[in-house]
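Atoms within a ligand are numbered from 1 in the order they appear, just like the ligands themselves. Start at 1 with the first residue, then count along the sequence.
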Amino acid sequence: MTNTELLSIADKAMENAYAPYSKFKVGAALLCKDRTVFTGCNIENATYGATNCAERTAIFKAVSEGQRDFEAIAIVSSSGDETFPCGICRQVMAEFAPELKIILRSSSGEETCYKLMELLPKTFTL
Ligand code: THU
């Protein structure tokens, strides 16, 4: 699975985003170590606070199906530019995969692979 392929799966997942409030659609594709891919989109709510991000949708789908070994996650949004995961999603990623790779695509089409620990240094752990 290439970064480009994972990003295209995230593009497809973004089509299911439910974002009537922000109009900001997000898609994610989570690659497990066994090469399974789980997708996610953001799912908003009239209460706003009950909104779930695309990344956590994908991670929670995977964990609920018994998968906990993650290699990479590709994230895209309707901005068309690099969309970094929010703080809560970074913390959820760190719970299962401190070594996770985060694959983003800029508006010029450049793909960059970040390490989760670059984005969440000095992570809280118990
Ligand atoms: N959102 C995500 O899905 N992932 C992020 O990492 C950042 C924000 C969603 C939540 C909300 O539906 C919309 O983007 C605007 O914040």
**OP:** Number the atoms of ligand 1 from 1 as they appear, then name those within less than 4.0 Å of a heavy atom of Pro85, with their elements.
**Re:** 6 (O)
**OP:** Using a distance threshold of 4.0 Å (strictly less than), state whether atom 12 (O) of ligand 1 has a protein heavy-atom neighbour.
**Re:** yes
Original post:
Can you tell me if Arg90 uses its side chain to pair, donor with acceptor, with the backbone of Leu119 under 3.5 Å?
Top reply: yes
**OP:** Determine the minimum heavy-atom distance between Ser22 and Glu44, stating which atoms define it.
**Re:** OG-OE2, 2.5 Å
Original post:
Where the side chain of Lys61 meets the backbone of Thr39, is there a donor-acceptor pair that is under 3.5 Å apart?
Top reply: yes
**OP:** Return yes if a side-chain donor-acceptor contact under 3.5 Å exists between Ser79 and Asp81, otherwise no.
**Re:** no
Original post:
Which atoms of ligand 1 sit under 4.0 Å from any heavy atom of Ser22?
Top reply: 13 (C), 15 (C)
**OP:** Look at atom 4 (N) of ligand 1 and find which of Lys23, Glu55, Arg56 reaches it with the closest heavy atom.
**Re:** Glu55
Original post:
Looking only at protein heavy atoms, which one is nearest to atom 3 (O) of ligand 1, and how far off is it?
Top reply: Ala54 N, 2.9 Å
Original post:
Under 6.0 Å from the CD atom of Gln91, do we count more than 12 heavy atoms belonging to anything else shown?
Top reply: yes
Subject >> Under 4.0 Å to a heavy atom of Glu44 - the qualifying atoms of ligand 1, by number >> reply: 11 (C), 12 (O), 13 (C)
**OP:** Have a look at ligand 1 and work out which part of Cys53, if any, has a heavy atom under 4.0 Å from it: side chain, backbone, both or neither.
**Re:** both
Original post:
What is the closest protein heavy atom to atom 9 (C) of ligand 1, and at what distance does it sit?
Top reply: Asn42 ND2, 3.6 Å
Original post:
Do the ring planes of Tyr21 and Tyr48 sit parallel (below 30°), tilted (30 to 60°) or perpendicular (above 60°)?
Top reply: tilted
